[in-house]
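Following: one structure in structure tokens, then a few remarks.
Residues take their numbers from the sequence shown, with the count starting at 1.
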Amino acid sequence: MTVTGPMVGRRALITGGASGIGRACARRLAADGADVVVVDRDAAAAEAVAAELGGTAVAVDLSDLAAVDALDLDVDVLVNNAGLQHVAPVHEFPVDRFAYILRLMVEVPFRLARGALPHMYDEGWGRVVNISSIHGLRASAYKSAYVTAKHGLEGLSKVIALEGADKGVTSNCVNPAYVRTPLVEGQIADQAKAHGMSADEVVERVMLAPAAVKRLIEPEEVADAVAWLCSPAAASVTGTSLVMDGGWGAH
């Protein structure tokens, strides 16, 4: 069967591509014709997604910076998605955990972009899409490392946008509120137990209290935004943040 779509002939690398938002992005970009590279520390899950999509699985722990630098980064699309959360007040936040989160969510995207940009520049076309968060634009208590990392990612994205503009490369962030991922569902379960609430009550009354739309975002919605940023329609969209926060920022 002949594959058609706006991404035919393009190679896309997605970090954290074996589950959640990353998997949805891999599926969406593959549907548009891209040759996807699924990067994840879970080798079996990465292989399963890659096999489903006819792509390539790369099992790597992104906190190993030497392994990051060794990746084949001749790609046309880079989706920086991998991340994690840790919740604690600043005065009790583990120092090593803070450093780990910043390494994974700021330094790794920098290193990946640094490695991928020369190929994009040579091709005269490239797309860097950073999966940020509403927390890249706003803060919440007890999430100092995550908020700091996402704010840093926003700045990195803008610098790449400015440097790549005359070389056919765009760089943008996608900023969702809470997305229905295994990470978030685990947080819901923990908070439901802690507050004596149902899962639905946690989502509406705790997690999405600042939002107007009281539902979790589906990973596929984020993937659609990523695909649009890679499409011809978004050729002039760069250095910005595509906010998907259900009205959180409207207050």
Side-chain angles (χ1 to χ4, degrees), residues 14-32 38 40-42 45-46 48-49 52-53 79-88 101 104-105 109 129-151 153-154 157 172-230 240-251:
I14 303 103
T15 65
S19 66
I21 293 171
R23 180 174 59 195
C25 289
R27 287 172 172 165
R28 183 65 172 80
L29 294 175
D32 280 351
V38 180
D40 204 284
R41 66 180 181 179
D42 186 333
V49 174
E52 171 194 336
L53 304 176
V79 180
N80 286 310
N81 167 70
L84 74 157
Q85 180 64 274
H86 186 93
V87 178
I101 289 173
L104 182 66
M105 295 169 58
V129 184
N130 301 295
I131 306 302
S132 182
S133 165
I134 185 59
H135 285 113
L137 306 173
R138 279 169 162 59
S140 289
Y142 311 118
K143 298 179 179 179
S144 57
Y146 188 86
V147 170
T148 300
K150 291 302 188 183
H151 275 67
L153 185 63
E154 296 279 332
S157 182
N172 294 286
C173 290
V174 178
N175 300 66
Y178 289 99
V179 181
R180 192 184 305 280
T181 64
L183 178 68
V184 168
E185 288 179 333
Q187 292 180 41
I188 292 169
D190 290 343
Q191 292 202 36
K193 183 177 180 180
H195 296 292
M197 296 179 176
S198 70
D200 288 343
E201 287 175 322
V202 168
V203 171
E204 182 173 346
R205 293 168 52 189
V206 179
M207 287 185 160
L208 299 183
V213 178
K214 304 295 186 183
R215 68 169 180 84
L216 295 177
I217 299 165
E218 299 300 330
E220 291 75 18
E221 295 176 74
V222 182
D224 283 343
V226 171
W228 181 77
L229 287 170
C230 295
T240 194
S241 302
L242 182 54
V243 179
M244 308 173 66
D245 68 352
W248 189 326
H251 293 283

Using side chain to side chain contact (heavy atoms under 4.5 Å, CB included), reason through Ile101 and His86 one step at a time and then give a plain yes or no.
CA-CA 8 Å; Ile101 289 173; His86 186 93; 3.8 Å; yes
So if I apply the side-chain hydrogen bond (donor to acceptor under 3.5 Å, both in side chains) rule between Asn175 and each of Glu154, Arg138, Lys150, His135, which one comes out positive?
Glu154
Counting only N and O atoms by type, is there a donor-acceptor contact under 3.5 Å from the side chain of Asp40 to the main-chain atoms of Ala46?
no
Any chance you could measure Ser133, atom OG, to Met105, atom CE, to the nearest 0.5 Å?
8.0 Å
Separation between CG (Leu242) and CG (Asn130), nearest 0.5 Å, reads 12.5 Å
Out of curiosity, Leu208 CG to Leu216 CG, how far, rounded to the nearest 0.5 Å?
6.0 Å
Which value, rounded to the nearest 0.5 Å, describes the distance between Asn172 atom CG and Trp228 atom CH2?
8.0 Å
Roughly how far, to the nearest 0.5 Å, is the CD1 atom of Ile21 from the CD1 atom of Ile217?
8.5 Å
Between Thr15 (side chain) and Asn81 (backbone), is there a donor-acceptor pair under 3.5 Å?
yes
Here the pair of heavy atoms bringing Ala211 nearest to Lys214 is O-NZ, 2.7 Å
Of the non-hydrogen atoms in Leu104 and Gly83, which two are nearest, and what is the gap between them?
CD2-CA, 4.1 Å
Min side-chain heavy-atom separation Asp42-Ser19 under 4.5 Å
no
Between Lys193 and Ile188 (side chain of the first, backbone of the second, donor and acceptor by atom type, cut-off under 3.5 Å), is there such a pair?
no
Within the 4.5 Å heavy-atom criterion, are His151 and Val147 side-chain neighbours or not?
yes
Heavy atoms of Ala192 and Ala199 approach each other most closely as CB-N, 4.4 Å
Rounded to the nearest 0.5 angstrom, the CZ-CE distance for Arg205 and Met197 is 4.0 Å
Looking at every non-hydrogen atom in both residues, tell me the closest pair between Leu153 and Ile131 and how far apart they are.
CD2-O, 3.9 Å
Ile14 versus Ala26, closest heavy-atom pair with distance:
CD1-CA, 3.9 Å
Least distance between heavy atoms, Val243 atom then Asp245 atom:
CG1-CG, 3.4 Å
Is Met207 close to Gln191 at the side-chain level, that is, under 4.5 Å between some pair of heavy atoms?
yes
Lys/Arg-Asp/Glu bridge criterion (N-O < 4.0 Å) met for Glu220, Arg27
no
